[in-house]
Amino acid sequence: MKKQNIIILLAVVIALVTLFYSFRDSQDQSTYIKQIQDERAEKDRFMRNSSESPFVLDTTLTYTGLKYYSPDVRYKITATLTPIETRKAVVLATSDGKEERYLEFAYAEFDLDGYHNKLLILELMAMGPMKGKLFLAFGDETSGAETYGAGRYLDITKTPGSNTIILDFNQAYNPYCAYSNSFSCPLPPPENLLRVAIRAGEKTYHQ
């Protein structure tokens, strides 16, 4: 086979491989976006109908639908997880001037928009079914403008033995005190106030 034909064949193979992976990535991203949209639709049903919804618990509220940023796979981040060996209790102030106690669990670190970010993940100490669950509250450069001023929450799942953790900010949500002052919500610890804008997840409700 002539050298020119080999070069043409290689170029065709590379183009086909690139097209295949581009198509697969597009399919994966479409599946991910639909997953986020389905989760938001389910939360909307909860907010409208559940007896545990803040809009049902507080009859003075009128539910007009939650507001979100469009799903963006860039904000689904694999962060480095550093467990805290000697864990101490952390006291967080709440939105109504009280306090809640948590236990240090680990730090999650990642780079975004030119900044190295380090978030403190806490573990719930309160007795009951939630004991041992992980808790992450954060603020960012959108807080107080595009998103709730007192910060947002992100659910975290423990993966024993793993040195990484997924932080999917498309799933960031408001605490109940974002809708009504009748609820008490813990505020983010100082180290969780990020210097970047996290334009993902739930926006502020009252606009």
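In this text the structure is predicted, and so the values were computed from the model without any measurement.
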(message) Quick check on the 6.0 Å ring-centre criterion: do F138 and F169 meet it?
(response)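 Ring centroids of F138 and F169 are less than 6.0 Å from each other.
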(request) Decide if the gap between the ring center of Y153 and the ring center of F135 is smaller than 6.0 angstrom. (result)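 Here the rings of F135 and Y153 have centres that are less than 6.0 Å from each other.
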Hey, could you give me the [atom1]/[atom2] distance between [X] and [Y], rounded to the nearest 0.5 Å?
| X | Y | atom1 | atom2 | value |
| --- | --- | --- | --- | --- |
| N192 | L92 | CG | CG | 9.0 Å |
| H206 | S180 | NE2 | OG | 7.5 Å |
| L122 | I156 | CG | CD1 | 10.5 Å |
| L167 | L136 | CG | CG | 6.5 Å |
| R74 | D113 | CZ | CG | 4.5 Å |
| K34 | E39 | NZ | CD | 11.0 Å |

(request) Verify the neighbour count for atom CG of N181: are there more than 12 heavy atoms of other residues, nucleotides or ligands below 6.0 Å? (result)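 Not buried by this count: 12 neighbours or fewer within 6.0 Å.
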(message) I'd like to know whether Y102 forms a side chain to side chain donor-acceptor pair (under 3.5 Å) with E100, so could you lay out the CA-CA distance, the side-chain angles of the two residues, the decisive distance to 0.1 Å, and finally the verdict.
(response) CA-CA 7 Å; Y102 296 85; E100 288 191 12; 2.7 Å; yes
(message) Any carboxylate oxygen within less than 4.0 angstrom of a Lys/Arg side-chain nitrogen, looking at E146 and K203?
(response)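 Not counted as a salt bridge, because no side-chain N and carboxylate O are separated by less than 4.0 Å.
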(message) Could you check whether E202 pairs with R152 (Lys NZ or Arg NE/NH1/NH2 to Asp/Glu carboxylate O, under 4.0 Å)?
(response)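 R152 and E202: not salt-bridged.
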(message) Under a 3.5 Å threshold, yes or no: a donor from one side chain and an acceptor from the other, between T64 and Y205?
(response)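 On atom types as modelled, these side chains qualify, holding a pair under 3.5 Å.
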(message) Under a 3.5 Å threshold, yes or no: a donor from one side chain and an acceptor from the other, between D44 and Y63?
(response)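 There is such a pair (donor and acceptor under 3.5 Å, judged by atom type) between the side chains of D44 and Y63.
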(request) Give the minimum heavy-atom separation between T82 and E109, together with the two atoms involved. (result)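 Closest approach of T82 to E109: OG1-OE2, 4.0 Å.
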(message) If I compare all heavy atoms of I198 with all of Y69, which pair ends up nearest, and what's the gap?
(response)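 In this case the closest contact between I198 and Y69 is O-CE1, 4.1 Å.
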(request) Indicate yes or no: at least one non-hydrogen side-chain atom of S143 is less than 4.5 angstrom from one of D140. (result)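 Contact flag for S143/D140 side chains = yes.
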(message) Hydrophobic clustering (ILVMFWY, side-chain heavy atoms < 4.5 Å, transitive) - are L81 and I166 grouped together?
(response)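 Result: no, two separate clusters.
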(message) What verdict does the side-chain contact (heavy atoms from CB on, under 4.5 Å) test give for L66 and Y179, after you've listed the backbone C-alpha separation in whole Å, the side-chain angles of each residue and the deciding distance to 0.1 Å?
(response) CA-CA 10 Å; L66 304 182; Y179 314 122; 3.8 Å; yes
